[in-house]
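Worksheet: one structure, shown below.
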Amino acid sequence: MELHNGLLFWPSTFVKKQHSNPPIKPHYDAIVVGAGMSGILTAKALMDEGLTVAVLERNELGYGSTAANTGLLQYSNDIQLYELSELIGEEDAVRFYKLCYEAVDQLEEITSSLLDQADFIRRPSICFASKKGDVKLLEKECEMLVKHGFPAEFWNELIVEKRLPFKAPAALYTNNDAEVNPYKLVVSLAEQLIDQGMDLFENTFANVIENEGNEVILRTMNGDFKASRIVYTTGYERLPYGTMEGADINRSYAIVTEQKPSFERWYENALIWETARPYLYMRKTVDNRIIIGGLDEKKASPAKHETKVDAMANSLLDKLHELLPNETFHAPYKYCASFGESLDHLPFIGQHPEEPNHYYLLGFGGNGTVYSMLGSKIIADLIMNRPNADARIVTLDRKYGIK
């Protein structure tokens, strides 16, 4: 399945080294299928445990969903905390939000050793009310966040007008989020892990996956692999083993503008999004571009025709000019990408209920990088047979999951 179509921005910011596939070891402690954000973070978590790890990628490192990821790292989710509390209970909802909050800290620690820190920069977030009817919802969310110790404050219409270049009836300001260059993160981290002994196999597709005693065997055109455990981090691609229930694949659009000098009244260079669903979101880059995305459609495959991508890009430009009316922008980078959403708004992370050697980390949702980070820790605990009290929240054998 093609995951995006159009001209991507992140691959233009970083040159990936070319590697030949290494010799296949007789046996690996773990094989990770998928070399995107989830796969590389999982590989690191397992290597930190002293395991021998191979990562298999059917295409190229970091060029799936990672290359189309817009790099917003937030502890808030597409489903707000008070809504998630109503769905899964307040205790579990708060714990999941805290896992997301901690994951941003963990990503900061990982990027601190990478080239340019993968452009990881701490930013606040501003979620503005798309209409007056959403004001009370933002007030309710702010109360819930503050109650449980999250850094948040409510802005009324006057504060919004003072701090932002556009009007909105209210906004929710949260702190300790971040932005990152996701492609640079994945490629730089992979280079670091290769130096530490990880085997990366690009253009290697697992045609057949078999269980043989306590081993898993992956048969590929490049040879057979044997491992004690296998972790699927294939994102929105079709699973090579097992079937998923309770998720939708949709598509979204994004543009990246030309470089501009710093513009006025972008409060603290915050990550900006809105209460409408589907929502618009935008952020700045380290070289003074703007990324803005949204206009989601309930179609799985990216738009194939350039005219469609151009039309949606122009719509995003119009939205951007509404929000920043004193500026004029062009969009040299524009694309459409597939993304997944689970029906209960949680990622799929854990051990297959019937196949004990098979594990999954599928970060479905608008907070995929954060889910990848927290999920890698859960997977490491499960594989090392350590208790993890949080694994049950995202387990595969809940109502929705892997069959």
Side-chain angles (χ1 to χ4, degrees), residues 68-84 97 100-101 103-104 121-142 144-145 150-157 159-161 163-180 182 250-257 263 265-285 289-297 312 315-324 329 337 339 341 345 363-371:
N69 183 329
T70 47
L72 286 77
L73 307 178
Q74 298 171 298
Y75 72 82
S76 292
N77 288 257
D78 286 358
I79 182 171
Q80 295 189 325
L81 180 56
Y82 79 87
E83 295 175 303
L84 188 59
Y97 257 59
C100 293
Y101 189 89
V104 180
I121 303 173
R122 286 286 184 171
R123 300 291 191 205
S125 289
I126 299 169
C127 180
F128 66 89
S130 305
K131 58 182 186 297
K132 287 186 178 180
D134 293 339
V135 173
K136 290 186 177 179
L137 301 181
L138 286 182
E139 288 179 322
K140 186 176 182 179
E141 179 69 359
C142 188
M144 177 70 85
L145 290 171
F150 295 101
E153 61 183 63
F154 178 81
W155 291 358
N156 62 25
E157 187 172 10
I159 298 175
V160 172
E161 187 173 1
R163 294 181 176 172
L164 297 176
F166 56 88
K167 293 183 179 181
L172 176 64
Y173 174 88
T174 55
N175 218 330
N176 287 348
D177 289 331
E179 66 185 36
V180 75
N250 299 318
R251 69 188 188 194
S252 187
Y253 297 85
I255 59 173
V256 184
T257 71
F263 10 88
R265 300 187 66 194
W266 188 305
Y267 189 75
E268 296 181 342
N269 292 326
L271 315 177
I272 297 176
W273 57 311
E274 63 173 334
T275 56
R277 293 296 184 271
Y279 57 86
L280 288 172
Y281 55 89
M282 63 181 191
R283 55 159 287 194
K284 292 174 69 177
T285 65
R289 302 174 189 267
I290 295 177
I291 302 173
I292 180 169
L295 306 181
D296 301 353
E297 296 177 325
M312 299 302 274
S315 295
L316 286 172
L317 272 176
D318 289 342
K319 296 288 185 181
L320 180 57
H321 289 136
E322 289 176 17
L323 296 171
L324 299 173
F329 297 95
F339 71 98
E341 294 180 301
H345 302 280
F364 279 59
N367 227 2
T369 301
V370 170
Y371 294 169

Legend entry - Nearest non-hydrogen partners of Q74 and L271, listed with the distance: CG-CD1, 3.8 Å
Legend entry - I292 and L317: CA distance, side-chain angles, deciding distance, side-chain contact (heavy atoms from CB on, under 4.5 Å) verdict: CA-CA 8 Å; I292 180 169; L317 272 176; over 6 Å; no
Legend entry - Straight-line distance of L280 CG to D296 CG, nearest 0.5 Å: 9.0 Å
Inset, instruction - Say whether, by atom type as modelled, one donor and one acceptor occur between the side chain of N69 and the main chain of G71 under 3.5 angstrom. - result: yes
Inset, instruction - Would you indicate whether the side-chain heavy atoms of N77 and H345 approach each other to under 4.5 Å? - result: no
Legend entry - Gap separating the OG1 atom of T285 from the CG atom of N269, nearest 0.5 angstrom: 10.0 Å
Inset, instruction - Without swapping roles, check the side chain of N367 against the backbone of D78 for a donor-acceptor pair under 3.5 Å. - result: no
Inset, instruction - Determine, for E83 against R277, whether the closest basic-nitrogen to carboxylate-oxygen distance falls under 4.0 angstrom. - result: no
Inset, instruction - Rounded to the nearest 0.5 Å, what's the gap from CZ on R283 to CH2 on W266? Could you check? - result: 9.5 Å
Legend entry - Donor + acceptor pair across side chains of Y75, N176 (<3.5 Å): no
Inset, instruction - For residues S252 and G294, report the shortest heavy-atom separation together with the two atoms involved. - result: OG-O, 3.1 Å
Inset, instruction - State which residue, out of R163, E268, E153, fulfils the side-chain hydrogen bond (donor to acceptor under 3.5 Å, both in side chains) condition with Y173. - result: E268
Legend entry - Distance in Å, L172 CG paired with W273 CH2, rounded so as to fall on 0.5 Å steps: 8.0 Å
Inset, instruction - State, with a plain yes or no, whether a side-chain heavy atom of L81 is found less than 4.5 Å away from one of E141. - result: yes
Legend entry - Pairwise distance CG(L137) to OG1(T275) - rounded to 0.5 angstrom: 7.5 Å
Legend entry - Y371: ring pair (Phe, Tyr, Trp, His ring centres under 6.0 Å) partners, not counting sequence neighbours: F96
Inset, instruction - Could you tell me whether a side-chain N or O of S125 sits under 3.5 Å from a main-chain N or O of T174, the two making a donor and an acceptor? - result: no
Inset, instruction - Evaluate the side-chain proximity of I272 to Y267: yes if any heavy-atom separation is below 4.5 Å, no if none is. - result: no
Legend entry - Test side-chain contact (heavy atoms from CB on, under 4.5 Å) applied to M312 and E297, step by step: CA-CA 11 Å; M312 299 302 274; E297 296 177 325; 3.7 Å; yes
Inset, instruction - May I ask you to test the L164-I126 pair for a side-chain heavy-atom distance under 4.5 Å? - result: yes
Legend entry - Rounded distance [0.5 Å steps], OH in Y82 versus CE in M144: 9.5 Å
Legend entry - Smallest separation among heavy atoms of E322 and F166, with atom names: O-CB, 4.3 Å
Legend entry - Donor-acceptor under 3.5 Å (R289 side chain, T257 main chain): yes
Legend entry - Minimum-distance pair of heavy atoms, taken over all atoms of Q80 and L138: NE2-CD2, 4.0 Å
Inset, instruction - Classify the ring geometry between Y97 and F150 as parallel (under 30°), tilted (30 to 60°) or perpendicular (over 60°). - result: perpendicular
Inset, instruction - Might you point out which heavy atoms bring Y281 and T70 nearest each other, and give the distance in Å? - result: CE1-OG1, 3.4 Å
Inset, instruction - Looking only at non-hydrogen atoms, find the nearest pair between L324 and P165 and report the distance. - result: CD2-CG, 3.3 Å
Legend entry - S315 side chain near Y253 side chain, heavy-atom distance below 4.5 Å: no
Legend entry - Min side-chain heavy-atom separation D177-L72 under 4.5 Å: no
